[in-house]
Amino acid sequence: MAEELKINQNDINYVIWLSVSEAAKIGGVQNKTVRRAIQFNNVKYKIISNRYLVDFSSLIAYLHATTKLKNKFNQFGLGQYVDKWK
């Protein structure tokens, strides 16, 4: 049985910024899902040259907020590789 990893946001020193399409690919969701998260301030983001950049750690937290998104992350996104890392 896998241990649940708890990450304290204060321990993260470097912010990884992803484009909307990169965030969608990593999350295993569609671009519109990421854009909806931006629209409702569910993820941290910034705008540079009219492009949205999403904070990686807030994206992961958002994708684990609901069972549906968590399942997509684990089935189609980066989460499908986590067991192979151990």
Side-chain angles (χ1 to χ4, degrees):
M1 190 161 183
E3 270 185 53
E4 187 174 330
L5 179 63
K6 301 253 182 190
I7 298 174
N8 185 354
Q9 292 289 336
N10 297 329
D11 292 339
I12 300 173
N13 295 326
Y14 301 101
V15 177
I16 299 172
W17 295 101
L18 304 170
S19 69
V20 171
S21 60
E22 289 172 333
K25 286 178 187 174
I26 285 176
V29 295
Q30 295 183 2
N31 289 354
K32 66 181 180 179
T33 303
V34 177
R35 291 189 181 281
R36 195 177 305 114
I38 291 169
Q39 179 183 3
F40 293 111
N41 290 321
N42 293 327
V43 293
K44 293 179 187 175
Y45 68 93
K46 64 182 178 180
I47 302 171
I48 296 184
S49 300
N50 294 328
R51 295 189 61 186
Y52 287 98
L53 297 176
V54 179
D55 173 43
F56 179 71
S57 62
S58 70
L59 174 69
I60 299 301
Y62 170 70
L63 293 171
H64 281 84
T66 65
T67 303
K68 183 177 180 179
L69 290 174
K70 188 175 184 179
N71 289 340
K72 286 186 178 187
F73 175 73
N74 289 331
Q75 188 173 10
F76 304 113
L78 191 62
Q80 66 184 319
Y81 303 108
V82 171
D83 288 335
K84 296 176 185 175
W85 292 348
K86 293 180 181 179

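Under the rule for a side chain to side chain contact (heavy atoms under 4.5 Å, CB included), the partners of Ile26 that lie at least two apart in sequence or sit in another chain are Leu18, Phe56, Leu78.
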Side-chain donor-acceptor pairs of residues 29-43 under 3.5 Å, sequence neighbours excluded:
none

Using distance only, find each side-chain donor-acceptor pair of residues 60-70 under 3.5 Å and give its atom names and separation, not counting sequence neighbours.
residue, atom, partner, partner atom, Å
His64, ND1, Ile60, O, 2.9
Thr66, OG1, Leu69, N, 3.3

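Residues Tyr81 and Phe76 are members of separate hydrophobic clusters, defined by side-chain heavy-atom contacts under 4.5 angstrom among Ile, Leu, Val, Met, Phe, Trp and Tyr.
Checking side-chain atoms of Gln75 against main-chain N and O of Lys72 turns up no donor-acceptor pair under 3.5 Å.
To the nearest 0.5 angstrom, Trp17 atom CH2 is 13.0 Å from Glu22 atom CD. Atom CG of Asp55 and atom OH of Tyr45 lie 13.0 Å apart (nearest 0.5 Å).
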